[in-house]
Amino acid sequence: MRTDLCGALRRDDVGRTVSVCGWVQSRREHGEHLAFIDLRDHTGVVQCVVDGAHDLRSEYVLRITGTVRPRPEGTDNPNLPTGEVEVGDCTVEVLSRAEPPPFPIDGRGDVDEQHRLRHRYVDLRSERMQRNLRLRARVNHAIRNAMDAQGFVEVETPMLIASTPEGARDFVVPSRLSPGAFYALPQSPQLFKQLCMVGGVDRYYQIARCLRDEDLRADRQFEFAQLDAEASFVSQADVQAFISEAVAAATEAVTGERPTVFPSMTWLEAMERFGSDKPDTRFGMELVELTERFSATEFNAFKAPCVKGICVPGGGDKTRKQLDDLTEQAKRWGAKGLVWMRVGAGGELTSPVAKFLSEGELAGIVEATGAAEGDLVLIVADERPRVRHVLGLLRLELGRPPVTEGGLQFLWVVDFPLFEALDEAGLPIPAHHPFTMPHDEDVALLDTGDPQDLLTVRSQAYDLVCNGWELGSGSVRIHRPDVQARIFALLGISDEEANAKFGFLLEAFRYGAPPHAGFAFGIDRLVALLAGEENIREVIAFPKTQSGQDPLTKAPTAIDARHLTELGLRVLPKVD
RNA sequence: GGUCCCGUGGUGUAGUUUGGAGUGCACGCCGACCUGUCAAGCCGGAGGUCGCGGGUUCAAAUCCCGUCGGGACCGCCA
């Protein structure tokens with residue numbers, strides 16, 4: 001049907017008779033017998049000179065056959081790759097008529113996202129979406145190549161699996177053949193990839209679709225794609241190397257540049273310096289430790305287990321209103337309050353609370369934060385986790401660069417705690433999942449009998465972070481039944497409960513489990529970062545809105561009564 | 001569960017602070033003109049439940065309350 005792609009025609013093609021197919025991007029009429037049609041396909045636009053175009057409207061689908069010729073002297077368009085040539089002596093075939101598009105697709109100006117999703121098939125024609133879809137395909141391809149080259153085998157795991165109560169909320173699918181019973185859609189292939197290890201697959205990978213019924217965000221959809229991988233007889237460092245290779249290959253496939261070795265940072269350092277386990281290291285404004293400097297303070301608000309601050313360069317020009325809003329924001333994030341200080345000439349601090357602080361304390365703040373004239377210092381005092389959390393969020397709020405700035409700062413965050421906190425009953429809450437291997441040096445701390453010691457146990461879990469986004473996480477798994485039993489006991493999970501939930505995995509481990517470790521990272525997030533997009537919907541062909549709706553298909557929808565009956569279901573009336 | 005922002009012809013926006021006739025702009029659309037344009041140009045035209053409901057007022061796009069939809073975030077996401 002076609003001999004060439006629109007965007008590919010060049011001076012070398014002059015003299016050839018070609019057929020091109022595509023959509024009418026624009027039409028410029030010059031009287032009855034001369035008109036220009038810009039015909040667009042996924043490769044770009046080419047100008048076609050036709051004898052009248054009055055019945056060729058925007059977005060009509062055409063096949064145009066003609067001769068490639070150089071443009072007349074002085075009419076080249078340097079803004080187009082095809083701008084030195086045009087297709088002349090055209091025969092035009094209308095393959096499809098089209099109503100005027102519901103919104104412009106020439107990339108000029110933003111269109112309301114809901115409109116774009118309502119007519120996604122039109123939106124996908126845009127240069128932006130074509131670029132993002134193809135970029136994503138290149139990333140997938142590079143990842144598959146990299147994993148294949150490292151000896152990984154692609155194994156597909158089921159979409160209809162058993163629900164487990166841990167982790168995110170499951171999407172469930174009612175069973176027709178077993179009324180009242182449900183499948184769950186996988187939050188990840190976690191247990192299956194471990195079964196693959198027991199099965200001697202040695203190195204497994206999959207670009208897996210994962211589903212979690214949690215609230216949506218700019219970087220979270222119900223369904224998302226992960227590079228999921230697991231390998232036997234390997235260390236944490238081996239897994240990091242495998243994954244770094246895949247990410248580097250994907251990055252190189254898009255940018256042409258291969259990122260250098262990814263640095264590592266411990267979880268504790270990330271929390272103390274950036275107030276986040278996924279630090280955005282593209283900018284400074286790091287959290288500064290002030291606790292010791294106020295150990296004997298007279299200022300009640302600073303008599304707290306932890307005092308930390310950040311320095312906002314040039315932030316001293318914020319108005320009182322802006323600072324009040326910032327304080328309110330900090331309170332909404334959980335702080336008791338927010339102390340702000342403007343830095344004047346000579347380093348003297350202006351603040352409503354300055355009068356409660358000694359000269360030495362004020363000087364200490366300036367010294368510790370390195371604040372200079374015109375800066376703003378923000379200080380939070382509270383329990384340590386809360387201080388980190390609030391200052392970490394303030395730092396992002398006030399300093400985070402746009403996604404397209406600062407390059408790609410890949411970073412491994414290592415030595416996560418095994419348990420993130422104790423619950424009301426004093427039982428530890430796993431930070432990762434209950435199959436995560438404790439750090440070899442910390443295993444003894446599991447048995448001291450002091451619950452506080454448990455919180456200091458490091459795990460062999462590691463995250464890959466880039467520009468403040470958690471790309472993925474992984475861990476060395478427990479393959480020894482005695483260690484696994486100990487963890488379950490600490491978590492308050494009885495043998496019966498463990499068997500009920502994970503019996504098939506524990507049973508599998510009885511038949512010879514190799515030591516293994518793995519990782520998974522979010523393809524959507526990596527692609528968004530590489531595409532310079534602030535949200536992953538821009539790199540997903542048919543995403544959901546924040547409320548989980550699809551404006552195009554109207555999903556989710558009600559199903560008819562017979563269908564419900566067949567599944568043994570009854571819909572309850574809505575409760576307010 | 002919570003906080004904040006947004007909603008005006010097909011699209012994007014100005015107007016909202018300080019109430020006074022659906023008021024403007026750009027693009028698109030329809031018709032006419034136009035033989036070298038390329039964000040074509042030029043002339044004319046059509047197109048509106050100011051998201052929806054209620055309230056205040058002589059008068060509401062504008063102020064108040066509620067609601068729906070979209071977005072950002074906190075919680076949530078082992």
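FYI, side chains are in, hydrogens and waters are out, and symmetry mates aren't considered; it's all heavy atoms of this structure.
A donor atom on one side chain and an acceptor atom on the other are not found under 3.5 Å apart for A:R125 and A:Q25.
Nucleotides B:G53 and B:C68 have their C1' atoms positioned 10 Å apart, rounded to a whole Å. Taking atom C1' in both B:G55 and B:U11, one finds a spacing of 33 Å when rounded to whole Å. On the C1' atoms, B:A14 is 14 Å away from B:G22, given to the nearest whole Å. Spacing of P atoms, B:U17 relative to B:A32, comes out at 45 Å, to the nearest Å. Taking the C1' atom of each, B:G9 and B:G54 are spaced 26 Å apart, rounded to whole Å.
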Mark up nucleotides 32-45 of chain B, 5' to 3', with B wherever a protein heavy atom is under 4.0 angstrom from a base atom, S wherever such an atom reaches only the sugar-phosphate, and - elsewhere. S-BSBBBBB-----
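Scanning for side-chain contact (heavy atoms from CB on, under 4.5 Å) contacts around A:V24 gives A:I37, A:Y60, A:L62, with sequence neighbours left out. For A:T43, the side-chain contact (heavy atoms from CB on, under 4.5 Å) partners two or more places apart in sequence, or in a different chain, are A:L5, A:C6, A:D41.
Across all strands shown, B:U35 remains unpaired; no Watson-Crick or G-U wobble contact has both distances below 3.5 Å.
Exactly one of A:H516, A:E230, A:R477 qualifies for a side-chain hydrogen bond (donor to acceptor under 3.5 Å, both in side chains) with A:Q194. That residue is A:H516.
Taking a cutoff of 4.0 Å between a charged side-chain nitrogen and a carboxylate oxygen, A:E113 and A:R120 do not qualify as a salt bridge.
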